[in-house]
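See below for the structure under consideration.
Excluded from the calculations below are hydrogen atoms, water molecules and symmetry mates; all remaining heavy atoms, backbone and side chain alike, are included.
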Amino acid sequence: MVSCNGGLNQMRAAICDMVTIARYLNVTLIVPELDKTSFWADPSEFQDIFDVDHFITSLRDEVRILKELPPRLKRRVETGTVYSMPPISWSDISYYRNQILPLIRKYKVVHLNRTDTRLANNGQPLDIQKLRCRVNFSALRFTSQIEDLGKRVIKLLRQNGPFIVLHLRYEMDMLAFSGCTQGCNNEEVEELTRMRYAYPWWKEKIINSDLKRKDGLCPLTPEETALILRALDIENSYQIYIAAGEIYGGNRRMASLASAYPKLVRKETLLEPSDLGFFQNHSSQMAALDYLVSLESDIFIPTYDGNMAKVVEGHRRFLGYKQTILLDRRLLVDLIDQYNSGSLSWNEFSNAVKESHKYRKGQPTQRSVIPDRPKEEDYFYANPEECLKPSSYGQVSSM
């Protein structure tokens, strides 16, 4: 049994890993339990987001998956006699064979909790890496309700020409957690700080926002993002679809972006409230809609390298190296500050932005491996190169 933690894409990657581990150990997997206690408090079950029957049948030649425990074992769970533990992060597959399999043999049922990033990015057998991809790109299909609504949003966008998906990670929880307060007023800074202290599992409390921003560890603000899109010569005739929750600061913070790009849309503006009624208060289902639209966009631009940004990046690589602009935030905030202070002209600023991102557009590249520092190396799901077709991907077309 496994319990996934985090938002949609953190859980998605964990599901892929846990299926792969169950297959390798030749044990039965119970359909994973999704996180209902994180910040988003989404009550969705697996079958509310993913097509559970497709998930089970598409993997039946690899691993036995059951919707629930058999009655005899279920009674064990109800009486609390189940061994529960979090696996060690970034573990090699041999850890599961040597440490977890004996526990399953002993207890019959083992419950693994906190299952994000529990399988190493690199150094795994090729068949294991390929199965992780098979689960991600084939077995994990959203429910027909989510898929159909996603297709409607994409069709509405396509009717009006090309579109960019901007994953603008500028929601309240992100800012409170990261301590990034660039452009916020004093009242907002206090509100974000109070929120950070309210969540005991957010370990870091005292944060220097300016230093963090200079190190490239903050999401770009909406104002900074508007500058960067213009510097990349993205025309204002493009539709910009905002894939995000509620932007902190609302219209005040979105004003410069809306002014530069009048065709700014989001699912809430494209669809009727009745279309989204079923999804309200189900953040993972709303994120699933954004995920589908992100895959189909002409260009995908995340302003922060969180789980959604990474998993979408990898999925777009799998679909044929679709253009994904990976922003170098550390460099960009320095260029922005130079431009705002007047030490760079607009042309110098724009040229520097374009030149520095020439090879950051989702082209084929090798995943970086950093022994003993897995958090710093490239994430498997952002670039699952073992599963990607050799590409004739040449120059990226001009925007």
**Report entry** Lys358 bridged to Glu355 by N-O distance under 4.0 Å
**Finding:** yes
Query raised in the report: Any donor and acceptor pair, going by atom type alone, linking the side chain of Ser283 with main-chain N or O of Asp42 inside 3.5 Å?
Result: no
Requested in this report: Without swapping roles, check the side chain of Arg114 against the backbone of Asn5 for a donor-acceptor pair under 3.5 Å.
Outcome: no
Report task. Applying side-chain hydrogen bond (donor to acceptor under 3.5 Å, both in side chains), run through Asn122 and Arg367 and close with a yes or a no. Result -> CA-CA 9 Å; Asn122 301 298; Arg367 215 168 48 240; 2.8 Å; yes
Requested in this report: Take Asp290 and Tyr241 through the test side-chain hydrogen bond (donor to acceptor under 3.5 Å, both in side chains) and record every step on the way to the result.
Outcome: CA-CA 9 Å; Asp290 282 343; Tyr241 176 94; 2.6 Å; yes
Report task. Mind listing the closest non-hydrogen atom pair of Thr365 and Asn383 along with its distance? Result -> O-ND2, 2.9 Å
Report summary line: Correct closest heavy-atom pair for His357 and Asp328 would be NE2-N, 3.0 Å
Query raised in the report: Strictly under 6.0 Å, is that where the ring centroids of Tyr238 and Phe163 end up?
Result: no
Requested in this report: Would you check, one step at a time, whether the test side-chain hydrogen bond (donor to acceptor under 3.5 Å, both in side chains) holds for Gln182 with Thr221?
Outcome: CA-CA 7 Å; Gln182 176 79 4; Thr221 68; over 6 Å; no
Query raised in the report: Is the NZ atom of Lys214 crowded by more than 12 outside heavy atoms at less than 6.0 Å?
Result: no
Query raised in the report: CG of Asp372: more than 12 outside heavy atoms within 6.0 angstrom?
Result: no
Query raised in the report: Quick one: does Arg12's side chain have a donor or acceptor within less than 3.5 Å of a partner on Asn307's backbone?
Result: no
Report summary line: Heavy atoms of Gln363 and Tyr321 approach each other most closely as C-CD2, 4.1 Å
Requested in this report: Could you tell me which non-hydrogen atom of Phe300 sits nearest to which non-hydrogen atom of Ser294, and how far apart they are?
Outcome: CE1-OG, 3.7 Å
Query raised in the report: Do Asp116 and Arg118 sit within salt-bridge range, that is, some charged N less than 4.0 Å from a carboxylate O?
Result: yes
Query raised in the report: Under 4.0 Å between a Lys/Arg side-chain N and an Asp/Glu carboxylate O for Lys67 and Asp53?
Result: yes
Query - Centroid-centroid distance, Phe50 to Phe55, less than 6.0 Å - result: no
Report task. Check the pair Thr324 / Arg317 against side-chain hydrogen bond (donor to acceptor under 3.5 Å, both in side chains), numbers first and verdict last. Result -> CA-CA 9 Å; Thr324 300; Arg317 287 176 183 274; over 6 Å; no
Report task. Indicate, with yes or no, whether the SG-to-SG separation of Cys133 and Cys16 is under 2.5 Å. Result -> no
